[in-house]
**Q** 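Below you will find the structure I want to go over with you.
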Amino acid sequence: MNMPDSSRVDVIDSHTGGEPTRCVLSGGPELGDGPLSERVEVMRHHFDLFRRAVLCEPRGSDVLVGALLVTPVDPASAAAVIFFNNAGYLGMCGHGMIGVVATLSHMGRLGPGQHRIETPVGNVHVTLVDSGEITVSNVDAYRFRSNVAVDVPGHGVVLGDIAWGGNWFFLIEDHPYSLRLDHVDELAAFTWEVRRSLAKQGITGEMGCEIDHIELCTAAHDPANHGRNFVLCPGNAYDRSPCGTGTSAKMACLADSGKLAPGQEWRQEGILGTVFTGRIQREGDRILPFITGTAYVTAIATLMFQSQDPFRNGIPSPFEMRS
Ligand code: PYC
């Protein structure tokens, strides 16, 4: 599928804690009316060029996360969304969900209150309050394995926890790095090696799922917060926000270790110092994470795809992984 000359794709861009989201309002491919988990596969296999055209350079960048709005399966849901990035597709996306809610609110399509939004990995509930703060009641989070050893060339054995927070994470506490913005090249290089080593050594999430997010954790820099992170995303871009799914995975690990009680606040600082406020609820064995943050609209635009443009389908990211 080439992007047709006549294609016009309306988008609203926002950022959540510094991490950008491009919400696609119209002009997206026809993915059918099946469950979102099926529609994302239709997009992956038949319309992947749409993802690349909308998100990769020259219209986007490696940092951007896309959020394609589709018709919900259940008409009672406020929206349904498929998240994608320069490399492929995301299950859930915490900062992206906050960006989508801020966007829908800006358009007058969502008012204060609680709303259900469908994603390929399950429904989430979002609460928008008058101040603009948005709370995402995320899909269940859990720690799958703790203290897993991975041999990382040039770095030796690295220990981490494997956890699900809407995406698969490898969380590393024991590392020598200072999580500062002026160190991001070094942090990205290390975490990229960890990711490659996990894949090479067959270390996965549950049911063989690829671990495609690597999270370094340390103490917070600001004493008002509880922890700081650096998260490497699947396409080798680092999350500018504290990462909603990463914060969910982190809270699941803390709860599993008895270090986070239900209702207790967890203020997660990201690499820019921006914060998501988290907490969990427990229902039997289930851990239900909540993430609160704010997003700001940065652009309202129509993307164009002229037939003479050699890059109308986007420039493939070198980090794109074919499934
Ligand atoms: O906030 O969950 C998140 C996220 C995932 C990838 C980038 N941001």
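Remember, it's 1-based here, ligands and their atoms both numbered in the order they're listed.
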**Q** Parallel, tilted or perpendicular for H175 and Y177, by the 30°/60° rule?
**A** parallel
**Q** Distance-only criterion, 3.5 Å: show the donor-acceptor pairs between side-chain atoms of residues 60-76 and protein atoms not counting sequence neighbours.
**A**
{"from": "S61", "atom 1": "OG", "to": "V63", "atom 2": "N", "distance (Å)": "3.2"}
{"from": "D62", "atom 1": "OD1", "to": "N86", "atom 2": "ND2", "distance (Å)": "3.1"}
{"from": "D74", "atom 1": "OD1", "to": "A76", "atom 2": "N", "distance (Å)": "2.8"}
{"from": "D74", "atom 1": "OD2", "to": "R116", "atom 2": "NH2", "distance (Å)": "2.6"}

**Q** If you measure only the distance, is there a donor-acceptor pair under 3.5 Å linking the side chains of T21 and H95?
**A** yes
**Q** Using the ring of F290 (Phe, Tyr or Trp, six-membered ring only), decide whether R279 places NZ or CZ under 6.0 Å from its centre and within 45 degrees of its axis.
**A** yes
**Q** Quick one about N138 and S248 (side-chain donor to acceptor, distance below 3.5 Å, no hydrogens or angles considered), yes or no?
**A** yes
**Q** Go ahead and list the nitrogen or oxygen contacts between ligand 1 and the protein that come in under 3.5 Å, distances to 0.1 Å, or just say none.
**A**
{"from": "ligand 1", "atom 1": "1 (O)", "to": "G94", "atom 2": "N", "distance (Å)": "3.3"}
{"from": "ligand 1", "atom 1": "1 (O)", "to": "H95", "atom 2": "N", "distance (Å)": "2.8"}
{"from": "ligand 1", "atom 1": "1 (O)", "to": "G244", "atom 2": "N", "distance (Å)": "2.8"}
{"from": "ligand 1", "atom 1": "2 (O)", "to": "G94", "atom 2": "N", "distance (Å)": "2.7"}
{"from": "ligand 1", "atom 1": "2 (O)", "to": "G244", "atom 2": "N", "distance (Å)": "3.4"}
{"from": "ligand 1", "atom 1": "2 (O)", "to": "T245", "atom 2": "N", "distance (Å)": "2.8"}
{"from": "ligand 1", "atom 1": "2 (O)", "to": "T245", "atom 2": "OG1", "distance (Å)": "2.7"}
{"from": "ligand 1", "atom 1": "8 (N)", "to": "H95", "atom 2": "ND1", "distance (Å)": "2.9"}
{"from": "ligand 1", "atom 1": "8 (N)", "to": "D239", "atom 2": "OD2", "distance (Å)": "2.7"}

**Q** Quick check on the 6.0 Å ring-centre criterion: do F276 and W266 meet it?
**A** no
